[in-house]
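We name chains A, B, ... by the order of the sequence lines, and we start the count at 1 in each one. These numbers come from a predicted model, not from an experiment.
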There are 2 protein chains.
Amino acid sequence: MSQPTEQSPERSSGRAVPTSADVARLAGVSRATVSYVLNNTSAVRISEPTRQRVREAAEELGYVPHAAARSLRAGHSRMVLIPSSHVPVGPLYSRFFNDFQWALRRLDYTVVQYGSVGLEAEEAARAWAELRPVAVVSLGEVELTGQGVEILKRSGARAVITLGTQRVEGTHALVMDQGRVGEVATEHLLETGRRRIGVVVPEEPGLGMFSGPRLDGARRAAERAGATVVPLPLRYEEESADALAARWRELGLDGVFAYNDEYAMLLMRSLQDAGISVPDETAVVGADDLLLGRLLRPRLSTVRIDMVLGRELAELVDHAVRETDAPPVSRDLLDSRIVRRESS
Amino acid sequence: MSQPTEQSPERSSGRAVPTSADVARLAGVSRATVSYVLNNTSAVRISEPTRQRVREAAEELGYVPHAAARSLRAGHSRMVLIPSSHVPVGPLYSRFFNDFQWALRRLDYTVVQYGSVGLEAEEAARAWAELRPVAVVSLGEVELTGQGVEILKRSGARAVITLGTQRVEGTHALVMDQGRVGEVATEHLLETGRRRIGVVVPEEPGLGMFSGPRLDGARRAAERAGATVVPLPLRYEEESADALAARWRELGLDGVFAYNDEYAMLLMRSLQDAGISVPDETAVVGADDLLLGRLLRPRLSTVRIDMVLGRELAELVDHAVRETDAPPVSRDLLDSRIVRRESS
DNA sequence: TTGAAAGCGATACCAT
DNA sequence: ATGGTATCGCTTTCAA
């Protein structure tokens, strides 16, 4: 016989946490029957009166099944773990993310975000693996190494999906081709006759995943047309923008793609304060089509990004989980197009 | 003897998921010893050579402990569950939230966000309770009823903390006194001689938790001074702002507190387009001190909100978990002050 | 210093 | 139609 364990049997509400055994006792049936009733097991037939008694007992005790015990027994969970980002996100992404979670829940998955700020890639992967998720969907802001993927798969994860700007070995890579954003913006500037094009590169950490590819895309477009691209490091602060505006004329740029609408607004304001006329002297293009881009004058031209539907991605996750053998897919999720207003 | 279970023993990597038994076998020791070594159990002394062998075996197999099994055995988890919001958040909140999570992890908690979009309050509480979190910290955007709190506590949650605008029975209520924001803004407008004050109330759902108290605070301040407050419903769209601006003169307002900087910018632009001069004819005050408030002209006056440190809140959670008996605290977490610029 | 074994809660066989 | 029971992975007591 073992001794009573060290845990306190009482809880704040005064009673111990009810288990299925408690429900069984109260209903005068076995734990097996409780399980059958509460899970609507179709393989077994339980009489209606018994079902009633069990349900009432569960209700009375405030019984909630213990997910850990269940998944331990089952040998798997239906948890989808999403390493959560530390970057404040815009309304676009936010909407997508909600749809995604909602769709996953409809497919009967438990969606959990795991905040991993300040953890090393491998360390983080181990922490996630402890929860034995059936799938991990990394939304790109968190590092995920081949090593980390291996840890997750060894621990039973049936699918690892990265939604980012580049592929990671062993994962389903959903590519958000940020390069297209820079390409579309630059093509537009070229069409309006600009030849020396600045590309704002935010200095804030955590944005490199987006800004790098956007710059590359701009370079590609410019190269095709024999135009020039100049990277412009910028912090999201007035001082930084003012400093950039102060040396604008010596840069000799006639167009600028400003990473996104917020940086574009910031820069445009500084340019105007420095006496540089937009769009006559320099055209400005942002990205994300935020409402605020319409508030400043001239109204900001922008690249509108249409993201994949959350539901689509959820179905892809579901598919990846069920067909572990299927080869990793690699799809592009973005569609970008220019919205021309007055700043270009 | 029971039959082999229904679960597949193989995983995608080809091998089965390693358990502590596998580690024990490879190291040539018992499972108990593995547990002692891997958890650095101080009550037992294991020889250094044995420790080595165990650690190497664990490393080689890529062993990661099974959190569910562990907490099942332990009778409790160290999971802090945070129902995640569906509202896009600003940089201020985002920073606080990261700090908070980081601090909790330092205190050895596992922080997990649970997306509950589209779930009823009680339904959501049950879903959370299945994970048997030791604490639930609701950041205000999600509904949490007394009923829900009861479910959580019955399921073993030692602390339920709400960080919101109003108290919920049975919880530690960390109050973010949004009323102060409206009060501070309105007091400022009164000091500059304004007497008929509009208060923007966003029509977007999910913002009621903030906008209601802010309006109430404005009313309190106005009442003390014998001034008038007029609520102004507004959608975050240009058309809505234009419509409001079109009937501005008949409203006869000489000051407006616009909920936050974004709504303030939106409204100010429409006012200017309608030929109403800011601040001469109408003063405008926002809130949140966003950078974008400095981009439009005149520069936007705002209410700067200082939020509690994430670390403080984490310590409070830890305390609540350890001292279940302690009475629910109720603290104010915000400090608001006016930042006067040119729009007022 | 190490091992054997009980048991956390839920489930799904098999037998009744 | 129900009940008994072995089992999932891990920790910890007790015995050796």
Side-chain angles (χ1 to χ4, degrees), chain A residues 1-9 16-25 27-54 58 61 63-77 129-132 155-156, chain B residues 1-9 16-25 27-54 58 61 63-77 129-132 155-156:
Chain A
M1 277 296 153
S2 81
Q3 300 306 106
T5 57
E6 71 294 342
Q7 65 186 292
S8 83
V17 181
T19 72
S20 75
D22 296 319
V23 177
R25 205 171 303 125
V29 299
S30 75
R31 282 153 64 224
T33 305
V34 171
S35 176
Y36 295 142
V37 172
L38 265 33
N39 294 304
N40 278 312
T41 308
S42 49
V44 208
R45 311 177 77 78
I46 306 283
S47 67
E48 201 45 50
T50 307
R51 303 184 98 88
Q52 277 296 341
R53 286 216 316 285
V54 170
L61 293 175
Y63 169 73
V64 176
H66 193 308
R70 173 179 288 167
S71 68
L72 181 58
R73 164 65 224 217
H76 61 258
S77 74
E130 290 196 0
L131 299 179
R132 295 289 190 273
S155 78
Chain B
M1 276 296 156
S2 81
Q3 300 307 107
T5 56
E6 69 293 342
Q7 65 186 290
S8 86
V17 181
T19 72
S20 74
D22 296 319
V23 177
R25 207 170 302 126
V29 299
S30 74
R31 282 153 61 223
T33 306
V34 171
S35 176
Y36 294 143
V37 173
L38 265 32
N39 295 304
N40 279 312
T41 309
S42 51
V44 208
R45 310 175 76 76
I46 307 283
S47 69
E48 200 45 49
T50 306
R51 305 185 95 89
Q52 277 296 340
R53 287 216 314 287
V54 170
L61 294 174
Y63 170 72
V64 176
H66 193 309
R70 171 180 289 170
S71 68
L72 181 57
R73 164 66 221 219
H76 61 259
S77 74
E130 290 196 0
L131 298 180
R132 296 290 192 271
S155 78

Please tell me which of the listed nucleotides, [options], lies nearest to the side chain of [X]?
X: Ala32(B); options: dA10(C), dT12(D), dG4(D); value: dT12(D)
X: Tyr36(B); options: dT13(D), dT5(D), dG9(D); value: dT13(D)
X: Val29(A); options: dG3(D), dT2(D), dA5(C); value: dG3(D)

Let me know the distance between [atom1] of [X] and [atom2] of [N], rounded to the nearest Å.
X: Leu131(A); N: dC8(D); atom1: CG; atom2: C1'; value: 17 Å
X: Leu72(A); N: dA12(C); atom1: CG; atom2: P; value: 13 Å
X: Asp22(B); N: dG9(D); atom1: CG; atom2: C1'; value: 11 Å
X: His76(B); N: dT12(D); atom1: NE2; atom2: C1'; value: 13 Å
X: Arg73(A); N: dG7(C); atom1: CZ; atom2: P; value: 19 Å
X: Ile46(B); N: dT11(D); atom1: CD1; atom2: P; value: 13 Å
X: Arg25(B); N: dC10(D); atom1: CZ; atom2: P; value: 12 Å

Ile46(A) and Arg51(A) have their tightest heavy-atom pair at O-NH1, 3.1 Å
For the residue pair Val23(B) and Ala58(B), what are the closest heavy atoms and their distance?
-> CG1-N, 3.8 Å
Kindly say if [X] contacts the phosphate of [N], meaning a side-chain N or O under 4.0 Å from OP1 or OP2.
X: Asn39(A); N: dA10(C); value: no
X: Thr33(B); N: dG3(C); value: yes
X: Arg70(B); N: dG9(D); value: no
X: Arg45(B); N: dT1(C); value: yes
X: Thr19(A); N: dC8(C); value: no
X: Ser35(B); N: dT12(D); value: no
X: Tyr63(B); N: dC10(D); value: yes
X: Thr41(B); N: dT11(D); value: no
X: Ser47(A); N: dT2(D); value: yes
X: Ser20(B); N: dC10(D); value: yes

Select base, sugar-phosphate, or nothing to describe what Ser71(A) touches, counting heavy atoms under 4.0 Å on all strands.
-> nothing
When you measure from the side chain of [X] to the backbone N and O of [Y], does any donor-acceptor pair fall under 3.5 Å?
X: Asp22(A); Y: Thr19(A); result: yes
X: Arg31(B); Y: Ser20(B); result: no
X: Thr41(A); Y: Ala43(A); result: no

The residue, Gly28(B) or Arg31(A), whose nearest nucleotide of DNA chain C is more 5′ is Gly28(B)
State the CZ-NE2 distance between Arg132(A) and His66(B), to the nearest 0.5 angstrom.
-> 5.0 Å
